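Before any comments, here is the structure.
Since the structure is predicted, the reported quantities are computational estimates derived from the model, not experimental observations.
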Amino acid sequence: MQAKASAMLCTVPHCATAFALRPDAAAMLASARFGEAPAPAPTMPPCVHLGPDATTLYRGPRITGSRLTSVDAMLYRSRRLRNIAVDVAYAGSSARIYLSRAERVEPGTIAAGATFTAGTYDPPTNTIGWFPGYIDYGVDHAGQNAVQMLFHEFDHGWYSETTASSSVMSPTMSAVIGAVTYRWTLYRRERGKTILNSIGWNGYQHMLIHDDLVADFGSDKTGALFEALQAADDPPAHLSEIARQFEDTRPWFPAASLFQRGRPAAPPMSGEISCFRSVRPQHHARENLRPQLPQVDATLGGGRRAPHLRRESARSKGSRRAR
């Protein structure tokens, strides 16, 4: 996905002094043209800049009366969203938002059990893709929550910024949910190089996101647990049922595991004050995995992933056995 270039990217600590607080141009433009846009708070934390002015405006889910809304307004109204946006900016740079003008989707037009992309996060560009038609379908017809879904994408940004190193993540990571231990192969060493297993990496990252959602919202209404379990080295036989059963359950991360150095810290949720903190240098091991990180898709629905998912995992396992 090609994201539109942001007019301003703010990197801590410069954002605290270089830019003044700005009014929400998207909401102002919407009020002038349509007279029905929400009226959020007048300012955003100075280190958060979501994209070019007025590009995050869209007509929201039908259960809201189809009022015009914007990603900016969602952040204004949710302190959790505002905090994680600040923390992602503090860890690297402000995540940009790209709105894809996907068509609206009505029940019956998507095959039962199908999955479709509602949001994406692209680590190399630190860009969140937002698909309003699918977001709205998830909210209106699939029991999803738009605030949680945006948190989900920002959380991808947080973990991509803070855990993409073999000094933080062991080759195999694990988590326990429903008295079952699941494992994800994140990377392997081959001829002195660290090779990322993108499926395992994304799966374990989704388990961390599931835990954050349950901790902060009381439930996971984004399908993060489903995505985590389907990418495990040994996924459960009844994936959809297990994901639904434990959508309100936090996993346990065995810190003393031989394959795990301890779960990475969750977003600090520290609020606007983190905009003004000094940057602490991050010392990554030379096996920094960030350049290998692929775009992550957040999907809705309970269908099976494409067959290549398990084939790629099988190839990774085969290569490990061969060494």
Side-chain angles (χ1 to χ4, degrees), residues 113-123 129 144 148-149 151-153 155-160 162-164 166 168-178 180-188 194-214 220-247 249-254 257 259-260 263-264 289-290 292-321:
T115 61
F116 50 91
T117 300
T120 60
Y121 176 74
D122 184 49
Q144 305 289 327
Q148 287 194 29
M149 292 161 81
F151 184 99
H152 178 136
E153 299 308 325
D155 220 12
H156 276 303
W158 169 261
Y159 286 116
S160 294
T162 59
T163 64
S166 59
V168 178
M169 310 290 273
S170 295
T172 301
M173 301 293 268
S174 59
V176 180
I177 194 164
V180 177
T181 299
Y182 297 96
R183 292 181 175 84
W184 296 264
T185 299
L186 273 60
Y187 63 87
R188 67 184 189 275
T194 301
I195 309 300
L196 182 77
N197 176 26
S198 60
I199 293 173
W201 177 273
N202 291 341
Y204 185 69
Q205 195 174 88
H206 276 109
M207 182 59 85
L208 298 177
I209 291 170
H210 166 75
D211 184 40
D212 290 340
L213 287 167
V214 177
D220 171 9
K221 298 299 183 184
T222 72
L225 181 57
F226 179 92
E227 293 187 86
L229 296 178
Q230 74 173 348
D233 291 351
D234 297 299
H238 303 287
L239 176 58
S240 297
E241 290 77 3
I242 295 297
R244 279 193 293 267
Q245 181 180 353
F246 295 104
E247 69 176 13
T249 303
R250 294 187 65 180
W252 175 63
F253 296 90
S257 168
F259 303 102
Q260 184 169 316
R263 183 203 167 209
L289 303 175
R290 183 174 176 83
Q292 302 181 49
L293 296 182
Q295 187 180 76
V296 182
D297 291 333
T299 58
L300 299 177
R304 295 182 180 274
R305 187 181 285 268
H308 69 78
L309 174 78
R310 295 264 62 85
R311 287 204 300 270
E312 183 171 337
S313 293
R315 285 198 299 270
S316 298
K317 293 177 182 178
S319 64
R320 289 196 300 272
R321 286 194 296 268

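With rounding to the nearest 0.5 angstrom, the OG1 atom of Thr163 is 10.0 Å from the CH2 atom of Trp158. Taking CH2 of Trp252 as the reference point, atom OG1 of Thr181 lies at 7.5 Å (rounded to 0.5 Å). Note that the OG atom of Ser170 and the CH2 atom of Trp184 stand 14.0 Å from one another [nearest 0.5 Å]. Rounding to the nearest 0.5 angstrom, the gap separating the CG atom in Asp233 from the CG atom in Asn197 is 7.5 Å. One distance of note links CG of Leu289 with OG of Ser166; it measures 6.0 Å at 0.5 Å rounding. The line from CZ of Phe253 to CE of Met207 is 6.5 Å long, rounded to the nearest 0.5 Å.
Ring-plane geometry between Tyr121 and His156 is classed as parallel, the angle between the planes falling under 30 degrees on a 0 to 90 degree scale with a further cut at 60.
Take Gln148 and apply the side chain to side chain donor-acceptor pair (under 3.5 Å) test, not counting sequence neighbours, and it matches no residue. Every side chain to side chain contact (heavy atoms under 4.5 Å, CB included) that Pro236 has, sequence neighbours left out, goes to Tyr182, Leu229, Leu239, Ile242. With sequence neighbours left out, the ring-ring contact (aromatic ring centres under 6.0 Å, His included) criterion links Trp201 to no other residue. Every residue meeting the side chain to side chain donor-acceptor pair (under 3.5 Å) condition with Asp212, not counting sequence neighbours, appears here in chain and number order: Tyr159, Arg263.
Side chain of Arg183 to main chain of Thr172: no donor-acceptor pair is present (N/O by atom type, distance under 3.5 Å, no hydrogens or angles). For Arg188 (side chain) and Pro171 (main-chain N/O), no donor-acceptor pair under 3.5 Å exists by modelled atom type. In this structure, the side chain of Glu227 does not engage the main chain of Asn202 through any donor-acceptor pair within 3.5 Å.
Here the closest heavy-atom approach between residue Gln292 and residue Leu196 is recorded as OE1-N, 2.9 Å. Ala231 approaches Gly203 most closely through the heavy-atom pair CB-CA, 3.6 Å. Closest approach of Pro123 and Pro294 over heavy atoms only: CD-O, 3.3 Å. Smallest separation of non-hydrogen atoms from Gln144 and Gly223: OE1-N, 4.2 Å.
Of the residues listed (Ile177, Val214, Leu213), the one engaging Arg250 in a side-chain contact (heavy atoms from CB on, under 4.5 Å) is Val214, and it is the only one. When each of Glu247, Glu153, His152 is tested with Thr222 by the rule side chain to side chain donor-acceptor pair (under 3.5 Å), just one qualifies, namely His152.
Looking only at atom types and distance, the side chain of His206 has no donor-acceptor partner in the side chain of His210 under 3.5 Å away.
Pro264 is listed as a side-chain neighbour of Met169, based on a closest heavy-atom distance under 4.5 Å.
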